*Asks:* 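Just dropping this structure here.
Just so it is clear, the structure is predicted and the values come from calculations on it, not from any experiment.
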Amino acid sequence: PGVKQNASVSGSRLIDMAPTILHLLGHPVPDDMDGRVLSDLFDGEQSAVATMDASAVDDTQSALTPEEEEDLRNKLMGLGYL
């Protein structure tokens, strides 16, 4: 909801994805973040204020099994991320 279908935005770059997603989820976009919110992608009010209901995102359950989580954790540790 609130996103134009088949919209194209000229001048968009990959670094614009993070601020656009933050905006869409209703989070503030840090002033020092590279990129910009691709407001041309949104219909009406969405371009000014994010309207996505946070309750629509269920982050209480992992999509991974405990074994898969452990495997992923080990891989990330091996890469130095954890």
*Asks:* Same cluster or not: are Leu38 and Leu14 linked, directly or through other Ile, Leu, Val, Met, Phe, Trp or Tyr residues, by side-chain heavy atoms under 4.5 angstrom apart?
*Replies:*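 No: no chain of side-chain contacts under 4.5 Å links Leu38 to Leu14.
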*Asks:* First locate atom CG of Asp40, then atom OG of Ser10, and finally report the distance between them rounded to the nearest 0.5 Å.
*Replies:*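 Rounded to the nearest 0.5 Å, the CG-OG separation comes to 7.5 Å.
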*Asks:* Heavy atoms only: give me the nearest Pro19-Gly35 pair and the separation to one decimal.
*Replies:*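 Of all heavy-atom pairs spanning Pro19 and Gly35, the closest is CG-C, 3.8 Å.
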*Asks:* Does atom CE of Met33 have more than 12 heavy-atom neighbours, drawn from other residues, nucleotides or ligands, at distances under 6.0 Å?
*Replies:*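 It does: Met33 CE has more than 12 such atoms within range.
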*Asks:* Can you find a pair of side-chain heavy atoms, one from Leu22 and one from Pro30, that are under 4.5 Å apart?
*Replies:*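 When only atoms from C-beta onward are counted, Pro30 and Leu22 do touch, with a gap below 4.5 Å.
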*Asks:* Quick one: are Lys75 and Asp71 in side-chain contact, heavy atoms under 4.5 Å?
*Replies:*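 In contact.
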*Asks:* I need the Ser12 OG to Met17 CE distance, nearest 0.5 Å.
*Replies:*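 Between Ser12 OG and Met17 CE, I get 9.0 Å after rounding to 0.5 Å.
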*Asks:* With a 3.5 Å distance limit and no angle check, can you tell me whether Glu70 reaches the backbone of Glu67 through a side-chain donor-acceptor pair?
*Replies:*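 Side chain of Glu70 to backbone of Glu67: no pair is present.
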*Asks:* What heavy-atom pair brings Lys4 and Phe42 nearest, and what distance separates the two atoms?
*Replies:*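 Answer, listing the atom of Lys4 first, then Phe42: CE-O, 3.3 Å.
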*Asks:* As an exercise, state the distance from CZ of Arg73 to CD of Glu69, rounded to the nearest 0.5 Å.
*Replies:*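 Between atom CZ of Arg73 and atom CD of Glu69 there are 6.0 Å.
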*Asks:* To the nearest 0.5 Å, tell me how far Leu79 CG sits from Asn74 CG.
*Replies:*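 That separation rounds to 11.0 Å.
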*Asks:* Any side-chain heavy atom of Asp43 within less than 4.5 Å of one from Val3?
*Replies:*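 Of all side-chain heavy-atom pairs linking Val3 with Asp43, none is under 4.5 Å.
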*Asks:* Quick one, Val37 and Asp16 - any side-chain contact, counting heavy atoms below 4.5 Å?
*Replies:*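 No, side chains not in contact.
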